Amino acid sequence: MTTNAPRVLIVGDGLAGCLVAWELYRRDCQFSVWSDGSPAASDVAAGMFNPVSFKRILPQWDARAQQDAARARYEWIGEQLGETLWRDVPIVRVFPNEEYAERWTGRAAGGHGVSPFIERYDADQLHPSISAPYGAGLVPDAGWVNVVAMTSASRAKWQSMGRWEQRSWRMSDGCPDGFDAVVDCRGTGAVEDLSEFGLELRRNHGEVLRVKPDQDWGDRIVNNVTWALPLGDGTYRVGSTYRWDVHTPVCLEETPAHLVQGAAKARTGEGTVEVLEHRAGLRPTCFDRRPILGVISNKHPHYHACVGWGTRGVSIGPTVVRWTVEALLGEREAVPDEVHPKRFRTFTEN
Ligand SMILES: Cc1cc2nc3c(=O)[nH]c(=O)nc-3n(C[C@H](O)[C@H](O)[C@H](O)COP(=O)(O)OP(=O)(O)OC[C@H]3O[C@@H](n4cnc5c(N)ncnc54)[C@H](O)[C@@H]3O)c2cc1C
């Protein structure tokens, strides 16, 4: 055990709490995990990583560095748990129209920030189930992480080490006895406490399905806005929805038909699709799609935020957790400005 290192309470055991715990475990620091068992976005996440923003065909935030860090970290955690967590599965992007196809083809040819991440996909390379009248592109360096397997196996490990408790915590509880610091990984559970500091964490409602089509949809992720991710057993995850007007993680009745129709538009056949599973969650999201990290108030110096992971928790997680823990341990003065609470115009450090 590292001497003089702070004893850290991690609140929340979704993806964020899990990765913070592993970062501290690696460094031989003392930590405990508390979770109140409320619904976690991480129990719903498809776990996909994709270095490209499809809407405008641009690279994601610091895509290469974050994805390299993510791969190394998930592979290491997988070794610790005896599980294969990281799966490389290219994404086939079905073009929506001629203009998009031209833009993609131009950028794939080189000379653009996104060029290293995208390729043009020839029609004869396409799986026969895919319908792509305007053509398709490929993102070779994509895939998914089995988030549910990782968080549940990690929880079992911390439990077996006596480092996990089912317990609730909120900011008014302060720093509990026996701890020197609290890392807040409560996802949308932190909304009310952060609002006291003018920090708006928004709940973005999302749903995913697991389906079994009666035709083979191939072994690549296919994205035509709706995406279908092969799980390797003839079933596919299909998602997802994004809503700001639903603030509880409820499964909406109309969603399965909507998502199945969306996925079917990228397919040639008329086949039937059986819905096996339907899940909903709330993504903890900030206005600029960046998380909120680090100390937010001089009056609560023990409190370190690690929330607001949005739609891309899997890719950004290992990097933003490293920043959070480095700042907590005094290895860096503060977290980078782009994830610091001071970027909120409404931030009040009271
Ligand atoms: C439908 C859907 C699909 C998604 N797909 C992807 C994807 O493909 N790729 C990707 O990168 N991301 C995806 N995401 C986003 C991803 O789920 C999030 O970025 C990530 O899971 C957030 O993790 P978190 O640990 O911050 O929050 P959560 O997973 O919500 O965890 C919060 C934790 O805090 C606990 N908690 C809350 N309040 C308290 C309290 N008061 N006391 C104690 N514990 C508390 C909860 O029980 C839970 O354990 C998806 C999300 C949704 C909803």
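Note that this is a predicted model, so its numbers are computed, not measured. Order of listing sets the numbers, starting from 1, for every ligand and every atom in it.
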Looking only at the side chains, is there a donor atom on one of [X] and [Y] sitting less than 3.5 Å from an acceptor on the other?
| X | Y | value |
| --- | --- | --- |
| Glu207 | Thr255 | yes |
| Gln166 | Asp36 | no |
| Thr285 | Asn204 | no |
| Tyr74 | Arg87 | no |
| Ser240 | Arg283 | yes |
| Arg267 | Ser129 | yes |
| Trp164 | Ser32 | no |

[X] neighbourhood, listing ligand 1 atoms whose heavy-atom distance to it stays under 4.0 Å:
| X | value |
| --- | --- |
| Asp13 | 33 (C), 49 (O) |
| Trp309 | 19 (O) |
| Gly206 | 1 (C) |
| Val208 | 1 (C) |
| Val11 | 42 (N), 43 (C), 44 (N) |
| Ser38 | 36 (N), 37 (C), 38 (N), 46 (C), 47 (O) |
| Met48 | 7 (C), 8 (O), 9 (N), 10 (C), 11 (O) |
| Gly281 | 53 (C) |

Is the ring centre of Trp86 less than 6.0 Å from the ring centre of Trp144?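 Centroid separation for Trp86 and Trp144: 6.0 Å or greater.
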
Is there a heavy atom in [X] that sits closer than 4.0 Å to ligand 1?
| X | answer |
| --- | --- |
| Arg170 | no |
| Val307 | no |
| Arg167 | yes |
| Gly239 | no |

Taking the six-membered ring of Trp61 as reference, does the NZ or CZ atom of Arg290 fall below 6.0 Å from its centre and within a 45° cone about the axis?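 Yes, a cation-pi geometry.
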
Aromatic Trp169 / basic Arg186 pairing, under 6.0 angstrom, 45° off normal: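 Verdict for Trp169: no cation-pi partner in Arg186.
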
Report the member of Ala280, Gly189, Ser35, Cys185 with the shortest heavy-atom distance to atom 33 (C) of ligand 1.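 When every heavy atom of Ala280, Gly189, Ser35, Cys185 is considered, Cys185 comes closest to atom 33 (C) of ligand 1.
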
Sole candidate of Val260, Val273, Leu276 that passes side chain to side chain contact (heavy atoms under 4.5 Å, CB included) when paired with Leu209: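 Filter result, single survivor: Val260.
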
Which of these, Leu126, Asn224, Asn223, Val225, sits in a side chain to side chain contact (heavy atoms under 4.5 Å, CB included) with Val94?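 Only one of Leu126, Asn224, Asn223, Val225 forms a side chain to side chain contact (heavy atoms under 4.5 Å, CB included) with Val94, namely Asn224.
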
Geometric N/O contact [X] with ligand 1, under 3.5 angstrom:
| X | answer |
| --- | --- |
| Glu207 | no |
| Gly47 | yes |
| Leu15 | yes |
| Gly17 | no |
| Pro39 | no |
| Thr311 | yes |
| Leu282 | no |

Using a 4.0 Å heavy-atom cut-off, say whether [X] meets ligand 1 through its side chain, its backbone, both or neither.
| X | answer |
| --- | --- |
| Arg279 | neither |
| Arg186 | both |
| Asp43 | neither |

Please report which non-hydrogen protein atom sits nearest to [atom], along with the residue it belongs to and the distance in Å to one decimal place.
| atom | answer |
| --- | --- |
| atom 35 (C) of ligand 1 | Gly12 CA, 3.7 Å |
| atom 11 (O) of ligand 1 | Val314 N, 2.9 Å |
| atom 2 (C) of ligand 1 | Arg283 NH2, 3.6 Å |
| atom 29 (O) of ligand 1 | Ser42 OG, 2.4 Å |
| atom 44 (N) of ligand 1 | Asp36 N, 3.1 Å |
| atom 18 (C) of ligand 1 | Gly310 O, 3.4 Å |
| atom 27 (O) of ligand 1 | Gly187 CA, 3.7 Å |
| atom 14 (N) of ligand 1 | Ala45 CB, 3.8 Å |

Would you call the rings of [X] and [Y] parallel, tilted or perpendicular, where under 30° means parallel and over 60° means perpendicular?
| X | Y | result |
| --- | --- | --- |
| Trp22 | Trp76 | perpendicular |
| Tyr100 | Phe95 | tilted |
| Phe179 | Trp34 | perpendicular |

Applying the 4.5 Å side-chain criterion to the ILVMFWY set and letting contacts propagate, would Val320 and Val8 be lumped into a single cluster?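 Val320 and Val8: one cluster.
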
Presence of salt bridge, Asp337 and Lys342, under 4.0 angstrom: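 Salt bridge flag = yes for Asp337 with Lys342.
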
Can you tell whether the side chains of Glu119 and Arg93 come within less than 4.0 Å, N to carboxylate O?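 Salt bridge flag = no for Arg93 with Glu119.
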
